[in-house]
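Below, all heavy atoms of this structure are taken into account, side chains as well, without hydrogens, waters or symmetry copies.
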Amino acid sequence: MASPKKQLIVFDFDWSMSDQDTDRWIFEVLAPDLRRKMKTLKDEVQWTDLVGQSLREAFARGITKEQIIHTLQIMPFHPAMVRAVTDLKNRGETTFLCLSNANSIFIKTILESKGLQTLFHEIITNPAEWDPSGLLKVSRRVDPNGPQHSCKVGCSPNMCKGEELETFLARQGVEYDHIAYVGDGTNDFCPILRLRSQDTIFCRTGRGLQKRIEKEGEKEGLKCNVQYWGGAWEIEEKFSKL
């Protein structure tokens, strides 16, 4: 009797699992002027640092922990995505990994609100914690004062998703028969270059990752199968065939 197929599903979070960007959504709802300020500063200040800075400004003007939590709980998240991942996990033999440039508090708060708090084997992201005062502190995964990652294809300074994926696979010590990556952004290009010919990238259409695949995929030696999707209902269809 053949052994069961071992499968790894890697999810980016913003615009991949969810239908919004957590960092931007918080400020669009609670402090649009800070969201505008972030837009003007994004080329000058590293993004994770900018989110931390903006959270401090929001706290100083009286925006509370409870307001942030509620805003995350109402962020767009398609029911079909909940069904897709729940059904696939319930079938067994699939491990889920989250690989995101958001932060641990944002992701965990949203997952808990959808009943998905036990979905992921690991969540690899920027660390965050609530200060006793109610301030949400966010920092880079890769400490700016320590050794930096060695990415050559454009990952942001806070984390190289390709290196993180390879480190996770080495840590697990499991030879997965199939790895599927669900992503949308330019920073998802690096990790999918590490995938094999039997693996799959489920790329959300109309965003940065699709453009990089079309422009650089062949040149950079992209090996995996590419499948496109636009809405979570399509991921549900695709996952039902895995």
| request: Indicate yes or no: at least one non-hydrogen side-chain atom of L8 is less than 4.5 angstrom from one of L169. | output: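 Sidechains of L169 and L8: in contact.
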So does [X] pair up with [Y], basic N to acidic O under 4.0 Å?
X: E122; Y: R171; value: yes
X: K37; Y: E57; value: yes
X: R207; Y: D184; value: yes
X: R204; Y: D12; value: no

| Are more than 12 heavy atoms from other residues, nucleotides or ligands located less than 6.0 Å from atom NZ of K108? |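 No, the 6.0 Å shell around NZ holds no more than 12 heavy atoms from other groups.
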| query | Is it true that atom CZ of R36 has more than 12 heavy atoms of other residues, nucleotides or ligands lying nearer than 6.0 Å? | reply |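 It does not: R36 CZ has 12 such atoms or fewer within range.
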| request: With rounding to the nearest 0.5 Å, note down the distance linking CD1 in I9 to CD1 in I179. | output: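 Answer for the CD1-CD1 pair, I9 versus I179, is 9.5 Å.
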| field | Separation of K223 NZ from L193 CG (nearest 0.5 Å) | value |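 With rounding to 0.5 Å, CG (L193) is 8.0 Å from NZ (K223).
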Give every donor-acceptor pair under 3.5 Å between a side-chain atom in residues 24-35 and any protein atom, sequence neighbours left out.
| residue | atom | partner | partner atom | Å |
| --- | --- | --- | --- | --- |
| R24 | NH1 | D21 | OD1 | 3.4 |
| R24 | NH1 | D21 | OD2 | 2.8 |
| W25 | NE1 | T71 | O | 2.8 |
| E28 | OE2 | R35 | NE | 3.0 |
| D33 | OD1 | R61 | NH1 | 2.8 |
| D33 | OD2 | R61 | NH1 | 3.2 |
| D33 | OD2 | R61 | NH2 | 2.9 |

| said: Checking side chain to side chain donor-acceptor pair (under 3.5 Å) between N158 and each of Q46, R140, R141, which is the one that passes? | reply: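 The side chain to side chain donor-acceptor pair (under 3.5 Å) with N158 is passed solely by Q46 among Q46, R140, R141.
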| query | If you group Ile, Leu, Val, Met, Phe, Trp and Tyr by side-chain heavy-atom gaps below 4.5 Å, do V51 and F59 land in one group? | reply |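 Cluster IDs for V51 and F59 differ.
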| salt bridge (Lys or Arg N to Asp or Glu O under 4.0 Å) against K137, all qualifying residues, sequence neighbours excluded |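 Partners of K137 by the salt bridge (Lys or Arg N to Asp or Glu O under 4.0 Å) criterion, ordered by chain and then number, come out as D131.
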Judged by modelled atom types alone, do [X] and [Y] share a side-chain donor-acceptor pair under 3.5 Å?
X: Y181; Y: D199; value: no
X: E163; Y: H149; value: no
X: Q210; Y: T205; value: no

| Residue pairs fulfilling salt bridge (charged side-chain N to carboxylate O under 4.0 Å, His left out) with at least one residue in residues 94-106, sequence neighbours excluded |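 The answer is none; no pair qualifies.
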| message | If we check side chain to side chain contact (heavy atoms under 4.5 Å, CB included) with M17, which of these qualifies: I235, L119, V182? | response |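 One option only clears the test, and that one is L119.
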